[in-house]
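The sequence lines fix the lettering, A, B, ..., with proteins before strands; numbering per chain opens at 1.
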Amino acid sequence: MIDLASARARYDADADLAYQQREAERKAFRKEHPDAPDTQLPERLDRRPRVSVCGRVMLHRDNGKLVWMNLRDHTDESFQVAVSKRDCSQSGFAVAKATDLGDLLVVSGPLMKTRAGEITVWAETIEPAAKCLAPPPEKRAGLQDIELRYRQRYVDMWSNPETTRVFQLRSLVVGQIRQYLVERGFLEVETPMLQTQAGGAAARPFVTHMNALGIDLYMRIAPELYLKRLLVGGLPRVFEINRNFRNEGLDKQHNPEFTMLELYQAYGDYHTVMELTEQIVRHAACVAAKARSGEKGVDPSGPTLPFGSLQIDYGRPFDRIRYAELFERALGFALTDEARVRAEAEKRGIATHDDKGVQIEAVFVANELFEEVAEPMLDLARPTWIMDYPASLSPLTRPSRSDPTVAERADLFIAGMEIGPHYTELNDPDVQAAKFREQLSGIDDEESTFRSFDEDFIHALKVGMPPAGGMGLGIDRLMMLLADQPTIRDVILFPLMRPWRAASESSGPEK
RNA sequence: GAGGGCGUAGCUCAAUCGGUAGAGCAGCGGACUUUUAAUCCGGAGGUUCAGGGUUCGAGUCCCUGCGCCCUCACCA
């Protein structure tokens with residue numbers, strides 16, 4: 001049994017033509033010699049390749065003694081099958097007559113072309129593989145209901161072939177990223193998803209309980225602290241591509257579980273990993289452009305890919321701009337000009353004091369301005385690095401060796417989306433311990449239930465972690481860009497949905 | 001969390017100003033051996049998301065709830 005695209009490729013025009021000519025000769029001979037014995041007929045000549053294919057029935061045209069069907073599989077949207085009462089097995093013909101849209105069939109027979117020029121399997125046998133007992137979606141429009149597409153992805157996938165293509169592309173891209181990294185000496189590892197402390201990021205975790213040990217566990221919010229332990233252990237280049245879980249809101253760019261590439265390179269810094277990320281993203285874009293070549297707006301040579309109304313060029317070097325520089329360009333005064341920062345914030349209605357009336361530190365006010373005024377100035381169509389964030393905004397990053405007020409951190413922005421932060425990692429256990437303590441001092445009651453001091457990680461740093469560059473790359477967001485999908489749910493096979501049973505129960509009359 | 005929009009047959013969608021809930025596809029019965037969203041004939045299909053209200057009369061107006069979508073807020 002072969003897939004439909006392979007079957008289509010196996011069609012042999014010469015054999016088909018020869019068969020048709022010989023059949024015509026036989027017919028002509030019989031007409032001239034109606035009484036001649038069969039043995040005198042020109043011998044049959046059928047060298048047409050025979051194939052066995054399987055697929056889901058998308059169209060079904062019953063002409064009485066000749067039934068036409070179109071099958072779909074993951075390689076071909078619409079592959080034609082003809083079932084003639086004369087040439088197909090009796091049971092096969094019966095199956096064809098009883099077939100409904102959505103059924104799975106196995107069909108065998110020679111490959112031929114119809115009068116209209118369509119490559120077709122002229123069925124000799126048909127076996128039912130599975131009956132589709134659920135009513136199929138509208139055959140032309142497909143399944144349009146957005147909610148149903150996510151909840152019943154299995155219907156979405158066969159009904160809307162573009163959905164399947166997105167996930168085939170995702171698999172291809174992720175595989176290529178893995179290969180790219182492995183070829184450059186990176187080791188892929190798997191670190192705990194169930195953690196006794198959820199560290200490495202500032203998000204709220206999901207909590208679960210382990211019966212055997214009688215303890216609460218947290219779904220990881222990041223693999224960072226474990227990957228760094230591996231640097232301590234002596235692996236100089238490690239990465240993990242896997243899920244993180246964050247107990248926060250959901251929107252077009254956030255799903256509670258999402259896939260992240262996180263990577264560390266010993267004896268590198270943020271420049272090292274920026275360079276690497278740029279190459280990875282460009283390589284991934286090339287892979288996507290090749291896979292999608294022929295689509296509108298896709299230029300495989302660039303590579304340039306459309307994202308909504310944007311045309312994003314991944315081929316040229318990504319733009320780079322320093323945080324302070326972008327700030328000054330956008331606002332017209334320096335980040336450090338506290339008076340003007342506060343004046344501008346008030347002018348724009350940005351809070352300069354907290355709930356209790358205490359003045360907010362200027363750098364945080366400035367960051368609000370930055371996000372409101374400066375970030376929107378970036379060219380959405382150009383992948384752009386924002387570099388050298390103020391140190392106080394990035395407490396867990398190593399301050400710059402040349403300017404301690406600046407953190408060695410860069411964020412990649414594409415189409416207004418934050419794709420991934422890049423850091424020179426902090427490897428001083430005393431500084432790290434102080435930062436942990438500082439972070440813990442400002443937390444509220446809720447936060448204190450899941451945030452704690454990671455003694456073992458500090459111990460690991462005491463053992464000695466090499467200086468390193470580290471980065472995170474949001475795979476889902478990258479796939480949104482590469483597959484031109486407007487929401488993160490469109491690149492996640494089974495995005496989280498509120499369960500429907502809860503909905504119907506609570507919407508019922510109260511008793 | 002706030003605001004806005006939407007929810008009609010299995011699916012895709014109509015329904016004017018508040019006046020008998022419709023069509024196409026799917027499904028069912030029938031005809032048809034080169035169709036292409038096959039075609040033709042026949043019949044069937046509804047708690048208009050749920051509950052309440054206004055009205056002689058509600059898919060339509062009002063209220064409440066549920067779900068989804070969008071925008072904003074939150075989010076290293």
S.K.: Find out whether the Lys NZ or Arg CZ of A/R409 is both under 6.0 angstrom from the six-membered ring centre of A/Y389 and within 45° of the ring's axis.
M.R.: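 Yes, a cation-pi geometry.
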
S.K.: Let me know the distance between CG of A/L250 and C1' of B/G67, rounded to the nearest Å.
M.R.: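 Answer to the nearest Å: 14 Å.
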
S.K.: Base, sugar-phosphate or nothing for A/P421? Non-hydrogen atoms, less than 4.0 Å.
M.R.: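 No contact.
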
S.K.: Ignoring hydrogens and geometry beyond distance, is the side chain of A/E118 in donor-acceptor contact with the base of B/U34 at under 3.5 Å?
M.R.: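 Between B/U34 and A/E118, which were checked side chain against base, a qualifying N/O pair under 3.5 Å is absent.
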
S.K.: Expressed in whole Å, how much space separates the P atoms belonging to B/G53 and B/C11?
M.R.: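 So the two P atoms sit 30 Å from each other.
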
S.K.: A/D388 pairs by salt bridge (Lys or Arg N to Asp or Glu O under 4.0 Å) with which of A/R398, A/R320, A/R322, A/R401?
M.R.: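 Among A/R398, A/R320, A/R322, A/R401, the one meeting salt bridge (Lys or Arg N to Asp or Glu O under 4.0 Å) with A/D388 is A/R322.
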
S.K.: Taking CZ from A/F79 and C1' from B/U36, how many angstroms apart are they, rounded to a whole number?
M.R.: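 Rounding to the nearest Å, CZ of A/F79 and C1' of B/U36 are 15 Å apart.
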
S.K.: How about A/H60 and A/W68: are their ring centres within less than 6.0 Å of each other?
M.R.: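 No, they do not, as the ring centres are separated by 6.0 Å or more.
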
S.K.: Need the pair for B/A58. Rule: Watson-Crick or G-U wobble, both distances under 3.5 Å, any strand; none if unpaired.
M.R.: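 WC or wobble partner does not exist here.
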
S.K.: Specify the residue among A/Q80 and A/G142 whose closest nucleotide of RNA chain B lies further upstream toward the 5′ end.
M.R.: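 Nearer the 5' end of the strand: A/G142.
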
S.K.: With a 3.5 Å cut-off and just heavy-atom distances, do the side chain of A/R61 and the base of B/A38 make a donor-acceptor pair?
M.R.: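 Answer is no: no donor-acceptor pair is held.
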
S.K.: From the list B/A26, B/U12, B/C28, which nucleotide is the closest neighbour of the side chain of A/P136?
M.R.: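 Comparing B/A26, B/U12, B/C28 against the side chain of A/P136, the answer is B/A26.
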
S.K.: Using a 4.0 Å heavy-atom cut-off, does A/L393 contact any base of the nucleic acid, only the sugar-phosphate backbone, or nothing at all?
M.R.: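 Since no nucleic acid heavy atom lies under 4.0 Å of A/L393, the category is nothing.
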
S.K.: Quick one: A/M69 CE to B/A26 P, roughly how many Å, whole number?
M.R.: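 So the CE-P distance, A/M69 to B/A26, works out to 15 Å.
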
S.K.: Would you say B/U36 has OP1 or OP2 under 4.0 Å from some side-chain N or O of A/K113?
M.R.: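 It does not, given that no N or O in the side chain of A/K113 lies less than 4.0 Å from OP1 or OP2 of B/U36.
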
S.K.: Roughly how far apart, to the nearest Å, are B/G51 and B/A14 at atom P?
M.R.: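 Looking at atom P only, B/G51 and B/A14 are 25 Å apart.
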
S.K.: Donor-acceptor check, side chain of A/D3 to backbone of A/T75, threshold 3.5 angstrom: yes or no?
M.R.: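 No, the answer is negative, given that no donor and acceptor are paired below the 3.5 Å cut-off.
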
S.K.: Within the 4.0 Å heavy-atom criterion, would you say A/F93 contacts the bases, only the backbone, or no part of the nucleic acid?
M.R.: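 Counting heavy atoms under 4.0 Å across all strands, no contact is made by A/F93.
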
S.K.: Can you see if the side chain of A/R489 gets near the phosphate of B/C69 - specifically, an N or O under 4.0 Å from OP1 or OP2?
M.R.: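 So the side chain of A/R489 is within the cut-off, an N or O lying under 4.0 Å from OP1 or OP2 of B/C69.
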
S.K.: Pick the P atom in B/A44 and in B/G29, then give their distance to the nearest Å.
M.R.: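 Between the two P atoms, the distance is 15 Å.
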
S.K.: For B/C70 versus B/A58, give the span between their P atoms, rounded off to a whole number of Å.
M.R.: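 Pairwise P distance, B/C70 against B/A58, rounds to 35 Å.
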
S.K.: Give none if B/C6 has no partner; otherwise give the nucleotide forming a Watson-Crick or G-U wobble pair with it, both distances under 3.5 Å.
M.R.: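 Per the H-bond distance test, B/G67.
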
S.K.: Can you tell me, in whole Å, how much space there is between the P of B/G45 and that of B/U60?
M.R.: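 Looking at atom P only, B/G45 and B/U60 are 24 Å apart.
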
S.K.: Remember a base hit wins even if backbone is also touched, and classify A/A116 as base, sugar-phosphate or nothing at under 4.0 Å, heavy atoms.
M.R.: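 Base, at least one base atom sits under 4.0 Å.
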
S.K.: Could you check which of B/G67, B/U71, B/U35 has an atom nearest any side-chain atom of A/E147?
M.R.: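 Shortest atom-to-atom distance from the side chain points to B/G67.
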
S.K.: Could you tell me how far B/A2 sits from B/A76 if I compare only their C1' atoms? Round to whole Å.
M.R.: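 That atom pair is separated by 25 Å.
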
S.K.: Taking B/G59 as the reference, what is the distance to B/C17 when you measure between their C1' atoms (whole Å, please)?
M.R.: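 Taking atom C1' in both B/C17 and B/G59, they lie 15 Å apart.
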
S.K.: What's the closest nucleotide to the A/T487 side chain, out of B/C70, B/A76, B/U34?
M.R.: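 Nearest listed nucleotide: B/C70.
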
S.K.: Is a donor on one side and an acceptor on the other found under 3.5 Å between the side chain of A/K85 and the backbone of A/Q90?
M.R.: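 It does not hold such a pair.
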
S.K.: Compare the minimum distances between each of B/C32, B/G10, B/U12 and the side chain of A/A141, then state the nucleotide with the smallest one.
M.R.: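 Selected nucleotide (nearest to the side chain): B/U12.
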
S.K.: Please walk me through it: do A/E25 and A/R30 pass salt bridge (Lys or Arg N to Asp or Glu O under 4.0 Å)?
M.R.: CA-CA 9 Å; A/E25 286 164 22; A/R30 177 55 73 198; over 6 Å; no

S.K.: Side chain of A/N63 only, heavy atoms from C-beta on: which candidate in B/A38, B/G67, B/U12 is closest?
M.R.: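 My answer, after comparing the listed nucleotides, is B/A38.
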
S.K.: Give a yes or no on whether the ring-centroid distance for A/F436 and A/F453 is below 6.0 angstrom.
M.R.: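 Ring-ring flag for A/F436/A/F453: true, centres closer than 6.0 Å.
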
S.K.: From the list B/A26, B/C11, B/U35, which nucleotide is the closest neighbour of the side chain of A/L101?
M.R.: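 Among the listed nucleotides, the one closest to the side chain of A/L101 is B/A26.
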
S.K.: Can you tell which of B/U34, B/C68, B/U33 lies closest to the side chain of A/R86?
M.R.: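 Of the candidates, B/U33 comes closest.
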
S.K.: Between atom CD1 in A/I146 and atom C1' in B/U12, what is the gap in whole Å?
M.R.: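 Distance check: A/I146 CD1 to B/U12 C1' gives 14 Å.
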
S.K.: Measure from the side chain of A/A202, starting at C-beta and using heavy atoms only, and say which of B/U34, B/G10, B/A76 lies closest.
M.R.: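 Output: B/A76.
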
S.K.: Let me know the distance between CZ of A/R151 and C1' of B/C69, rounded to the nearest Å.
M.R.: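 Computing the A/R151:CZ to B/C69:C1' distance gives 13 Å.
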
S.K.: I'd like the P distance from B/C61 over to B/G67, given in whole Å.
M.R.: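 Comparing P positions in B/G67 and B/C61 gives a spacing of 22 Å.
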
S.K.: I need the single residue from A/Y270, A/Y264, A/W385 that forms a ring pair (Phe, Tyr, Trp, His ring centres under 6.0 Å) with A/H422. Which is it?
M.R.: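 The passing option is A/W385.
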
S.K.: Please classify the nucleic acid contact of A/D251 as base, sugar-phosphate, or nothing, using heavy-atom distances under 4.0 Å.
M.R.: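 A/D251: base contact, heavy atoms under 4.0 Å.
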
S.K.: When we call it a touch if two heavy atoms are under 4.0 Å apart, what does A/R409 touch: a base, just sugar-phosphate, or nothing?
M.R.: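 Since no nucleic acid heavy atom lies under 4.0 Å of A/R409, the category is nothing.
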
S.K.: So A/D145, base contact, sugar-phosphate only, or nothing? Heavy-atom distance under 4.0 Å.
M.R.: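 Sugar-phosphate: the residue A/D145, judged by heavy atoms under 4.0 Å, touches backbone atoms but no base.
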
S.K.: Quickly work out the A/M112 CE to B/U34 C1' distance and round it to whole Å.
M.R.: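 Going from CE in A/M112 over to C1' in B/U34 covers 7 Å.
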
S.K.: Would you say the side chain of A/S78 and the base of B/U36 hold a donor-acceptor pair, judged only by whether the two atoms sit under 3.5 Å apart?
M.R.: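 Result: no qualifying N/O pair found.
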
S.K.: Using whole Å, what does the distance between atom C1' of nucleotide B/C75 and atom CZ of A/R246 come to?
M.R.: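 Distance check: A/R246 CZ to B/C75 C1' gives 9 Å.
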
S.K.: I need the CG-P distance between A/N70 and B/U34, as an integer number of Å.
M.R.: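 Answer to the nearest Å: 16 Å.
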
S.K.: Tell me whether the OP1 or OP2 atom of B/A26 has a side-chain N or O from A/K139 closer than 4.0 Å.
M.R.: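 So the side-chain polar atoms of A/K139 do come within 4.0 Å of the phosphate oxygens OP1 or OP2 of B/A26, strictly under.
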
S.K.: Using the side-chain contact (heavy atoms from CB on, under 4.5 Å) rule, take A/L326 and A/F370 through it: C-alpha gap first, then chi angles, then the decisive distance, then the call.
M.R.: CA-CA 8 Å; A/L326 183 58; A/F370 182 85; 3.8 Å; yes

S.K.: Any strand is fair game: report the nucleotide pairing with B/G29 by Watson-Crick or G-U wobble, both distances under 3.5 Å, or none.
M.R.: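 Paired with B/C41.
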
